[in-house]
Each structure stands twice: as structure tokens, then as C-alpha cells.
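Working notes, beginning with the structure itself.
Quick note: numbers below take in every heavy atom, side chains included, and nothing from hydrogens, waters or symmetry partners. Ligands are counted one by one from 1 in listed order, and the atoms in each one are counted from 1 as well. For the single chain, residues carry numbers from 1 onward in sequence order.
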Amino acid sequence: MNKFEYMKEFNHEQLIYFYDETTGLKGITCIHDTTLGPALGGTRLWNYATEEDAVLDALRLGRGMTYKAACAGLNLGGGKTVLIGDPKKVKSEAYFRALGRYVQSLNGRYITAEDVNTATKDMVYLSMETDHVVGLPGKSGNPSPVTAWGAFMGVRAALKEVYGSPSIHGKSFAVQGTGQTGYYLIKYLLGNYSDVNNWKKYDEKVKKIYFTEINEDYIERLKREYPEVEFVKPEDIYSLDVDVFCPCALGAVLNDETIPTIKAKIVSGTANNVLKEARHGDMLKDRGILYSPDYVINAGGLINVYHELKQGGYVFESAMNDVDLIYDRLLEIYSIAKKEGIAVSKAADTFAERRIETMKNVRATYIPR
Ligand code: NAD
């Protein structure tokens, strides 16, 4: 892989390697684009087979964060850190404090948070060495109920686009995955808003919710708490005769095999990278299925944690007001897609790129400070 060629092609700003002999810390930080603000992206710990796999992951995920933050209306750029190592072996206080020192050395150009195989307690170690870490205990809290709330807003936007009203009244849903986000989404669909402090209440009653899961504990939890929600086998979730399919589990679930079987008019859920390939966005469009781009609809957690960086600190109401804007943003993206005759997945990229380009130009004016 020619790294400079890759960076040129996808407009990356910086790629940083770091190594700490004492702790064995070995990693790479990608800073993709800081036009809108400091690059924010989690720290992923993974036993990568090769260094090249790790670099590619950092570059790809960092770029994804730029688009996600830009579409979410945040003053943040995109970045990512990947650590190369066995999560069962390398973790220690010293390991994460060493990482904290590298993050601090970037002087606020990059802000990190937890991600795959890193946890809140690891971020606490980082915070002993750096000011540039978010998602600490006692601040914005568990992001998942907020991510799910953003997806609930996204479902409402899609209903408005397709049926002319955002109401979930009389509508039916198929939810794939009831872990950290799908479970909360089902609760909101059923009118239980306690996990977001009853932020808003809607007096609407869905017709039916189906769900699928592979974790027995989660299946039992839902059956016990909400017996009216019907379990179906994983392979049966796509072809149900429902209004909305909500993928909240895995990536690549929208592909050549599944798309032809989908009966729902809307696909809106929390899961990342749901399109197996970019062309599957066009395939959904051709089938007349409205898709809510994953990184737009699932930005609630990022928006929530971003509010930790606000002057005066995290305020739940301000964060939720911003999360609600996912509704407006999706309507704008659907409208770009319609006007330009492109798939909504492409319209989301266009929306993000335009915001970045516009801000680049706005900031080109010199002002003394
Ligand atoms: P999670 O692991 O808690 O939940 C996913 C659930 O899907 C699990 O319970 C798992 O058993 C189930 N599952 C896996 N394969 C399945 C299958 N074939 N059929 C049915 N169920 C299956 O994860 P999560 O935090 O809810 O995240 C779900 C998706 O949302 C991921 O793609 C994640 O990247 C994305 N996301 C999550 C957040 C967040 O705040 N948690 C934020 C942004 C994006």
C-alpha cells in the first residue's frame, strides 16, 4: 500500500505511528480532516493480522468519522486510533496512560473515546495524562439509549418522507438485534421513554413489532418485558410484511441476497456499514425503499458525547435538542437525493462534503483575533 497515494486520494491530513517500549503500546492515529474542528474518533484495540490491515482500518474509520460529524452538524473533524495487540493480554494502567501521553502530544488536534475492546475505565487512565478524551464517567453517560433515540427520530423522518406524517401510529416494524441500541429503540416505539428521562412523549400506538436476536438472554428479556413484541428467526426478519425494517445488529446486511426480499418501504436502524457495497444504496433506491444512511441516523451517541466539550460542560437538554435535529437533517438529505436523482447514501456524502467545503470558504476570510 502506498500510504501517501491513499492519503491524497481520500484527503487525509495526518497519519501518526507511536510505540512505547515499556508497555508494548503499538498504534496508529489517523487525523482525516479538521476543517470543522478537532478530529474526534474512538480508540479501537484489535489483534490485526498485519500492520497494513491496521493502517487501512485507521484511515477508513477516521474518514468515516469526518462524514459522520459533518452530517451531524458538529464542529468536529474525523479521526481514529487503532492499537495493535491482543485485548486479553496488553491492557494495563500503564498501557493506557502511555497512550494518553501520545494523545496529549497532539495538542487537541485529536480527541479520543472508547471503541471496540476499550472501555470507560481505560479512558479514565487516559484522562490522567490527557485533556483530550471524552466519554468519562459522570459526564454524558451511556451513549446507546441516545443513539437509539436518534434512530427513533430517524424512523419518524423516514415515515414523514414516505407517508406524509412522522407518526408511528398504526405502523409495523421489524427490529434486527436487541442489544445496546435495538432494545431501546423498541422501548421508544412502545412509548416507554424512561431511558431518555421522558425527553418527549408521543401518544401513538404501533400496529406490530417483530424482533430477531441470537443472544438467548436478550430474547428472554424482551419476551418477559414486552410479550406483545413477536420473535422471529434471524433469517425471517427481512421479508416480513412491515412498514419499517430496523437493522440494529450487524454490518453488510443489505446485499444482493436480502434486498430483493425486503417488503418494508423504509430501512432505518442503528447499525453501522449496513450496505455491503456502495451500489446496494442504488439497489434500494431502484426498489423504491427509502434508506436512512447509517452514519446520519446513528449519530446520536456522538452528538451526546460532543456536548461534553461544550463550554460549561454537558447539559442533557442541549444534547437531546441536537440529537432531535437528526430528523431535520435526514429530511434534507432525502430532498437532495430526490432533487439530484441519486441514492440517499450518496446524498449523505454530498451533504457532508458541501458542509466541509462551505466552511473552508467561510473561514478563508482573515480576521485578527
Ligand atoms: P450490541 O452488540 O449491543 O447489539 C447487537 C445485537 O445484535 C446483539 O445483541 C447480537 O446478539 C445481535 N445479533 C448479532 N447477529 C445477529 C443476527 N444475525 N440476527 C439477529 N441479531 C443478531 O450492539 P449495539 O451497541 O446495539 O450496536 C448495534 C449496531 O449499531 C452496531 O453496528 C454498532 O456499530 C451500531 N452503533 C451503535 C452505537 C451505540 O451507541 N451503541 C452508536 C452508533 C452505531
NZ/NE/NH1/NH2 to OD/OE distance under 4.0 Å, D282 and K346: yes
Pairs under 3.5 Å, nitrogen or oxygen of ligand 1 with protein nitrogen or oxygen:
residue  : atom   : partner : partner atom : Å
ligand 1 : 3 (O)  : Q180    : N            : 2.7
ligand 1 : 9 (O)  : E213    : OE1          : 3.3
ligand 1 : 9 (O)  : E213    : OE2          : 2.7
ligand 1 : 11 (O) : E213    : OE1          : 2.7
ligand 1 : 26 (O) : Q180    : N            : 3.2
ligand 1 : 26 (O) : T181    : N            : 2.8
ligand 1 : 26 (O) : T181    : OG1          : 2.7
ligand 1 : 30 (O) : T270    : O            : 3.1
ligand 1 : 32 (O) : N272    : N            : 3.0
ligand 1 : 34 (O) : N272    : ND2          : 2.9
ligand 1 : 40 (O) : T147    : OG1          : 2.7
ligand 1 : 41 (N) : S144    : OG           : 3.1

Strictly below 4.0 Å, N to O, side chains only: are E340 and R354 in salt-bridge contact? yes
Does NZ or CZ of K187 come closer than 6.0 Å to the centre of the six-membered ring of Y193, within 45° of the ring's axis? no
Is R221 positioned over the aromatic face of Y183, cation under 6.0 angstrom from the ring centre and no more than 45 degrees off axis? yes
Y238: partners by side chain to side chain donor-acceptor pair (under 3.5 Å), with sequence neighbours left out: Q176
Can a salt bridge be assigned to the pair E13 and R109 using a cut-off of 4.0 Å between side-chain N and carboxylate O? yes
